[in-house]
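Here's the structure we're looking at; comments come further down.
Chain identifiers are assigned alphabetically (A, B, ...) following the order of the sequence lines, protein sequences preceding nucleic acid strands; residue numbering begins at 1 within each chain.
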Number of protein chains: 2
Amino acid sequence: MNIGEAAKASGISGKMIRYYESIGLIPSVGRTEAGYRTFSDKDIHTLRFIARARSLGFSVEQMSNLLALWRDSNRASSDVKAVAYAHIEELDSKIEKLISMRQTLQHLAEHCQGDNRPSCPILGDLAGAPESAGTAPAQVRPPLACEEA
Amino acid sequence: MNIGEAAKASGISGKMIRYYESIGLIPSVGRTEAGYRTFSDKDIHTLRFIARARSLGFSVEQMSNLLALWRDSNRASSDVKAVAYAHIEELDSKIEKLISMRQTLQHLAEHCQGDNRPSCPILGDLAGAPESAGTAPAQVRPPLACEEA
DNA sequence: ATAGACCTTCCCATCGTTGGAAGGTCAAGC
DNA sequence: GCTTGACCTTCCAACGATGGGAAGGTCTAT
């Protein structure tokens with residue numbers, strides 16, 4: 001299997017497959033005499049694992065851990081779970097940050113007339129002017145309790 | 001005002017101030033004879049504007065637009081609002097993606113025993129095995145309607 | 001033989017930020 | 001005046017994950 005076919009079969013671009021190989025995330029695959037990479041079914045399976053892990057937002061380093069656990073038939077599922085929960089916490093803090101940004105921005109935008117006059121609470125807030133609505137300028141609102149605890 | 005004082009006063013590191021100047025986000029500030037940058041109150045105001053905009057997640061390009069609008073006393077507030085809403089939509093799509101990842105991962109982790117045995121639905125899902133819980137392996141759950149429309 | 005589709009390696013760009021090296025400047029103390 | 005330490009300057013590189021492209025080799029079908 002060529003790298004192009006491997007890319008199609010795994011959903012990972014050829015570029016990225018080479019990159020993952022170069023940084024050691026996947027072991028070096030076989031080569032033809034002419035130097036073309038050849039991918040076994042096992043290689044494809046690994047690539048699909050990676051594609052799925054990427055789609056869940058795992059970093060290359062986390063995927064490296066997960067792949068090691070996957071290959072280790074003596075693993076403890078608690079180790080896998082720990083990696084997963086660590087990632088969930090990262091996701092949570094990103095989500096909180098984004099939601100808080102969104103919240104603040106939404107609030108500001110709601111109070112903007114959106115007409116052809118220059119007066120605008122969004123710019124007012126960015127410029128540090130105390131808002132008419134009485135909310136502090138640089139504070140970010142507390143996050144929504146959105147991730148079902 | 002030195003760059004160090006400007007950094008403290010604005011909350012933007014000296015490194016970043018130089019960077020923002022180099023890419024033209026802020027106009028070139030004054031210099032002493034020895035080549036040291038000098039920051040006026042107006043410069044500091046601009047830097048604070050930028051710091052606040054960054055904290056709301058605006059990109060450098062968006063900040064450039066916002067700064068131009070800020071400086072234009074003939075702006076239409078609708079233009080500012082448009083920038084804000086475009087950014088809110090970007091935030092929304094990021095939030096949706098992250099929440100959907102979180103959701104999937106949470107679901108998998110909940111079904112993981114987390115003991116010292118190797119069997120683990122998280123790895124099972126990543127490896128593409130059909131789950132015992134009956135959920136499709138590679139599908140991501142629909143996003144939570146979390147951003148109060 | 002030749003065209004076109006593939007493959008290889010290598011370098012560069014992104015985005016925002018940080019780090020460091022090598023060197024100049026300033027202010028305080030001796 | 002000289003030294004010391006804290007500042008400043010520019011330049012170069014790195015991060016993480018990905019894409020783009022150039023220059024060149026290989027395979028397959030006509």
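Comparing B:Ala34 and B:Val60 by the nucleotide of DNA chain C that holds the closest heavy atom to each, the one mapping nearer the 5' end is B:Val60. If B:Lys15 and B:Ile3 are placed on DNA chain D by their nearest nucleotide, the residue sitting closer to the 5' end is B:Ile3. When each of A:Glu33 and A:Met16 is assigned the nucleotide of DNA chain D bearing its nearest heavy atom, the one mapping closer to the 5' terminus is A:Met16.
In this structure, B:Arg54 atom CZ and C:dG16 atom P are separated by 6 Å, rounded to whole Å. Here the P atom of nucleotide D:dC8 and the CD atom of B:Glu21 are 14 Å apart, to the nearest Å. Atom pair A:Met63:CE and D:dG16:P shows a separation of 12 Å (rounding to whole Å applied). Going from atom CD of A:Gln62 over to atom C1' of D:dG16 covers 12 Å, rounded to whole Å. Atoms NZ (A:Lys94) and P (D:dG16) sit 13 Å apart, rounded to a whole Å. In this structure, B:Leu56 atom CG and C:dG16 atom P are separated by 15 Å, rounded to whole Å. Taking atom CG of B:Asn2 as the reference point, atom P of D:dC7 lies 10 Å away to the nearest angstrom. D:dC7 atom C1' lies 14 Å from atom CD1 of B:Ile17, rounded to whole Å.
Contact check, B:Arg18 against D:dC11: no side-chain N or O comes under 4.0 Å of OP1 or OP2. Between D:dC8 and B:Arg37, no contact under 4.0 Å exists linking OP1 or OP2 to a side-chain N or O. B:Arg31 has a side-chain polar atom (N or O) that falls below the 4.0 Å cut-off from OP1 or OP2 of D:dT10. OP1 or OP2 of D:dT18 has at least one side-chain nitrogen or oxygen of A:Tyr20 nearer than 4.0 Å. Phosphate proximity of D:dG25 to A:Tyr36: absent, as no side-chain N or O sits under 4.0 Å from OP1 or OP2. Put simply, B:Ser13 has a side-chain N or O that comes within less than 4.0 Å of OP1 or OP2 on C:dT18.
In this structure, the side chains of B:Lys94 and A:Met101 stay at 4.5 Å or more apart for every pair of heavy atoms.
Hydrophobic clustering, with ILVMFWY side chains joined whenever heavy atoms are under 4.5 angstrom apart, keeps A:Tyr36 apart from A:Ile3.
Across all their heavy atoms, B:Ser77 and A:Cys112 have their closest contact at O-SG, 3.6 Å. Closest approach of A:Pro121 and A:His111 over heavy atoms only: CG-O, 3.2 Å.
Proximity note for A:Tyr19 (side chain, C-beta onward) versus D:dC27, D:dA17, C:dT17: the nearest is D:dA17.
Within 4.0 Å of B:Thr32, counting heavy atoms only, lies no atom of the nucleic acid at all.
The aromatic rings of A:Trp70 and A:His45 stand perpendicular to each other, their planes meeting at an angle above 60°, with 30° marking the opposite boundary.
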